[in-house]
Amino acid sequence: PERPAPAPGEPLTITTIGRLSPQKDHATLLAAARPLLQRRPELRLQLVGQGRLEAPLRAQAEALGVAGQVIFAGVRHHIPAVLAASDIFVLASRWEGVP
């Protein structure tokens, strides 16, 4: 479902969904999002999924100074609701069998 665009200054949520693994390339997404998150403190980057890279990704977000804006949402089972609550979806994978 469509939702109205947020007013200036309201939080925007950028979401990616996938297991936290090298293939999904969350590390590059975090690095690329850093300038946006620093310029727009109301932005939130939501990582939906779990995996072996959660601890390193949390450490990377901390090192980049954006940990307070990155949400590690874990596994979610109702993906349509997650997407409906998001403003932007990003697929940063290096490769996908069926994106």
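Along the sequence shown, residues carry numbers from 1.
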Peer 1: Work out which heavy atom in F72 is nearest to a heavy atom in L20; give both atom names and the distance.
Peer 2: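 The pair with the smallest heavy-atom distance is CD2-CD1, 4.4 Å.
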
Peer 1: Among I71, V70, D87, V90, whose side chain to side chain contact (heavy atoms under 4.5 Å, CB included) with I14 holds?
Peer 2: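 By the side chain to side chain contact (heavy atoms under 4.5 Å, CB included) criterion, I14 pairs with just one of I71, V70, D87, V90: V90.
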
Peer 1: Which donor-acceptor pairs under 3.5 Å do the side chains of residues 27-40 make with protein atoms, sequence neighbours left out?
Peer 2:
{"from": "T28", "atom 1": "OG1", "to": "D25", "atom 2": "OD1", "distance (Å)": "2.9"}
{"from": "T28", "atom 1": "OG1", "to": "D25", "atom 2": "OD2", "distance (Å)": "3.0"}
{"from": "R34", "atom 1": "NE", "to": "L64", "atom 2": "O", "distance (Å)": "3.1"}
{"from": "R40", "atom 1": "NE", "to": "E42", "atom 2": "OE2", "distance (Å)": "2.5"}
{"from": "R40", "atom 1": "NH2", "to": "E42", "atom 2": "OE2", "distance (Å)": "2.7"}

Peer 1: Ion pair present between R58 and E62, side-chain N to carboxylate O less than 4.0 angstrom?
Peer 2: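 Salt bridge absent between R58 and E62.
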
Peer 1: Calculate, to the nearest 0.5 Å, the distance between atoms CZ and OG belonging to R44 and S86 respectively.
Peer 2: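 Taking CZ in R44 and OG in S86, the distance rounds to 13.5 Å.
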
Peer 1: At their closest point, which heavy atom of H26 faces which heavy atom of R19, and how far apart are they?
Peer 2: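 That would be CE1-O, 3.3 Å.
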
Peer 1: Give me the atom names and distance for the closest heavy-atom approach of F89 to T16.
Peer 2: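 Scanning both residues, the minimum pair turns out to be CE1-CA, 4.0 Å.
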
Peer 1: Could you list the residues that satisfy side-chain contact (heavy atoms from CB on, under 4.5 Å) with P22, not counting sequence neighbours?
Peer 2: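 Applying side-chain contact (heavy atoms from CB on, under 4.5 Å) to P22 gives R52, L53.
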
Peer 1: Go through the structure and list residues passing side chain to side chain donor-acceptor pair (under 3.5 Å) with Q46, not counting sequence neighbours.
Peer 2: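 If we apply the side chain to side chain donor-acceptor pair (under 3.5 Å) test to Q46, skipping adjacent residues, the hits are T15.
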
Peer 1: Just how far is it from atom CD of Q69 to atom CG of L43, taken to the nearest 0.5 Å?
Peer 2: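 Atom-to-atom, Q69:CD and L43:CG are 7.0 Å apart.
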
